[in-house]
Amino acid sequence: MTGRALVGSSRLVAAVALLGVVATGCGIGASREVVTFPPASVGPAATVSPAVLQTRALIAAALAPLQIQLGDAKNPFRPGESPRVAAAPRAVYQAILPVDPEGGQIVVYEFRDTGAAVDAGNELAGYLGTGAGRIQFADDARQTIRQVGTTLIFYTWAPSTSPDPGSPKIADALATLGTGFTPPR
């Protein structure tokens with residue numbers, strides 16, 4: 001072989017190898033599964049802080065007179081969230097509703113201090129009033145946002161999608177805890 005033929009065949013080999021790398025990275029050899037990243041702390045397997053456990057106890061006590069039990073969420077749940085809230089560690093609990101076994105999710109977020117929790121509550125309330133926040137919920141959705149110490153409680157329900165009569169009672173019970181934030185309508 002001549003020097004020119006060797007250079008030409010080396011280029012051909014390099015081009016084929018590059019094409020293989022590109023094809024593998026762009027789909028032919030890529031996984032077809034959608035990759036998602038779990039939030040920092042969700043559901044019963046998560047380790048929660050004393051502040052979140054205390055807030056959980058307050059929620060359970062507020063629901064007890066209504067004969068509504070609070071348990072750990074059985075299914076993954078993530079509502080529409082503003083950026084600060086989406087980045088916060090969280091725990092998901094579920095108020096047990098006989099007529100709506102998939103409903104009743106209550107999310108408790110934790111922040112570094114009470115000021116950060118207040119800022120996040122204001123941001124979440126404002127976000128829920130924007131177009132991006134509104135489209136993530138039913139038109140008649142009602143949100144409850146409460147700040148208790150370094151935690152933020154978030155509960156949402158809608159008359160059109162929440163068949164259990166306990167759904168609005170949960171919101172009323174949570175409204176007795178901490179300080180509230182009202183999303184604009």
Side-chain angles (χ1 to χ4, degrees), residues 34-66 68-97 102-138 141-158 161-162 166-185:
V34 176
V35 178
T36 60
F37 298 95
S41 58
V42 179
T47 302
V48 296
S49 71
V52 172
L53 286 175
Q54 182 180 14
T55 300
R56 184 194 193 286
L58 291 171
I59 294 168
L63 296 176
L66 303 172
I68 297 175
Q69 293 181 338
L70 184 67
D72 292 325
K74 293 177 182 67
N75 298 313
F77 178 76
R78 185 151 208 165
E81 303 165 319
S82 64
R84 285 183 198 184
V85 172
R90 65 195 193 102
V92 181
Y93 302 108
Q94 187 170 14
I96 309 303
L97 299 170
E102 299 299 315
Q105 287 87 1
I106 301 169
V107 186
V108 178
Y109 302 92
E110 184 175 18
F111 299 90
R112 71 181 180 282
D113 56 39
T114 56
V118 169
D119 290 345
N122 283 320
E123 180 187 83
L124 178 59
Y127 172 77
L128 294 173
T130 67
R134 287 183 184 180
I135 64 169
Q136 297 183 51
F137 298 94
R142 306 211 172 114
Q143 287 94 10
T144 302
I145 307 167
R146 307 298 294 184
Q147 179 251 328
V148 176
T150 61
T151 64
L152 200 64
I153 301 167
F154 183 53
Y155 171 70
T156 186
W157 72 282
T161 61
S162 303
S167 296
K169 294 176 183 175
I170 295 169
D172 293 341
L174 294 176
T176 66
L177 302 175
T179 305
F181 303 88
T182 305
R185 294 250 174 223

Does any part of the side chain of [Y], heavy atoms only, come nearer than 4.5 Å to the side chain of [X], both counted from C-beta?
X	Y	result
Asn75	Val92	no
Ile106	Leu174	yes
Tyr127	Gln136	yes
Ile96	Ile68	no
Arg56	Tyr93	yes
Glu81	Pro79	yes
Gln143	Phe154	yes
Leu58	Ile153	no

I'd like to know whether CD of Gln54 has more than 12 heavy-atom contacts from other residues, nucleotides or ligands below 6.0 angstrom.
no
Atom CD of Gln69 with >12 non-hydrogen neighbours under 6.0 angstrom:
no
Does any N or O in the side chain of Arg142 come within less than 3.5 Å of the main-chain N or O of Ala158, such that one atom is a donor and the other an acceptor?
no
Any donor-acceptor pair under 3.5 Å linking the side-chain atoms of [Y] with those of [X]?
X	Y	value
Gln147	Tyr109	no
Glu110	Thr151	no
Gln94	Asp72	no

Which heavy atom of [X] sits nearest a heavy atom of [Y], and at what distance?
X	Y	value
Ala173	Leu63	CB-CD2, 3.9 Å
Thr176	Ala62	OG1-CB, 4.3 Å
Thr150	Ala51	OG1-CB, 3.6 Å
Thr156	Ala141	OG1-CB, 4.1 Å
Phe111	Ala116	CB-CB, 3.9 Å
Ser167	Ser162	OG-CB, 3.4 Å

Please identify which of these residues, Leu152, Leu124, Asp119, meets the side chain to side chain contact (heavy atoms under 4.5 Å, CB included) condition with Arg84.
Asp119
Rounded to the nearest 0.5 Å, what separation is found between the CD atom of Gln105 and the CG atom of Leu97?
9.0 Å
From Asp172 CG over to Thr144 OG1, what is the distance, rounded to the nearest 0.5 angstrom?
8.0 Å
Applying side chain to side chain contact (heavy atoms under 4.5 Å, CB included), run through Val108 and Ile59 and close with a yes or a no.
CA-CA 10 Å; Val108 178; Ile59 294 168; 3.8 Å; yes
